[in-house]
Amino acid sequence: MIAGGPGDDRLGCDFRVDDGERTYLFEVKASVGSSGEIILGDSEVARASHLSPEEAYIIV
């Protein structure tokens with residue numbers, strides 16, 4: 001539960017931070033092994049592909 005409500009994997013990001021001028025969308029990923037490869041889900045790709053000029057999508 002986050003901020004008093006359940007999370008939603010369909011939103012395409014894990015955290016959203018709005019500073020009044022720009023909205024930052026953070027997707028947190030981890031990898032197993034030494035390849036460093038990560039996999040983005042369909043909702044993450046869709047959200048990152050449809051940003052407004054005031055949004056930034058950041059993979060952490």
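Treat the numbers as computed from the prediction; the structure is a model and nothing was measured.
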Starting from the C-alpha separation in whole Å, work towards a yes-or-no answer on side chain to side chain contact (heavy atoms under 4.5 Å, CB included) for L51 and T23. CA-CA 10 Å; L51 298 175; T23 299; over 6 Å; no
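Listed here is the closest heavy atom pair of D19 and R22: OD1-N, 2.7 Å. In this structure, G36 and S31 approach most closely via the heavy-atom pair CA-OG, 3.7 Å. Summarising the geometry of I38 relative to A30, their closest heavy-atom pair is CG2-O, 4.0 Å, with the distance given to 0.1 Å. Minimum heavy-atom separation, E27 to C13: OE1-CA, 3.3 Å.
Although no hydrogens or angles enter the test, the distance criterion places a donor-acceptor pair under 3.5 Å between the side chain of D14 and the main chain of V28.
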Return a table of donor-acceptor pairs under 3.5 angstrom between the side chains of residues 53-60 and protein atoms on other chains or two or more places apart.
residue	atom	partner	partner atom	Å
E54	OE1	S52	OG	3.4
E55	OE1	R47	NH1	3.4
E55	OE1	R47	NH2	3.1
E55	OE1	S52	N	2.9
E55	OE2	R47	NH2	2.4
Y57	OH	G12	O	2.6

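Counting only heavy atoms from C-beta outward, the side chains of K29 and E37 never approach each other to under 4.5 Å.
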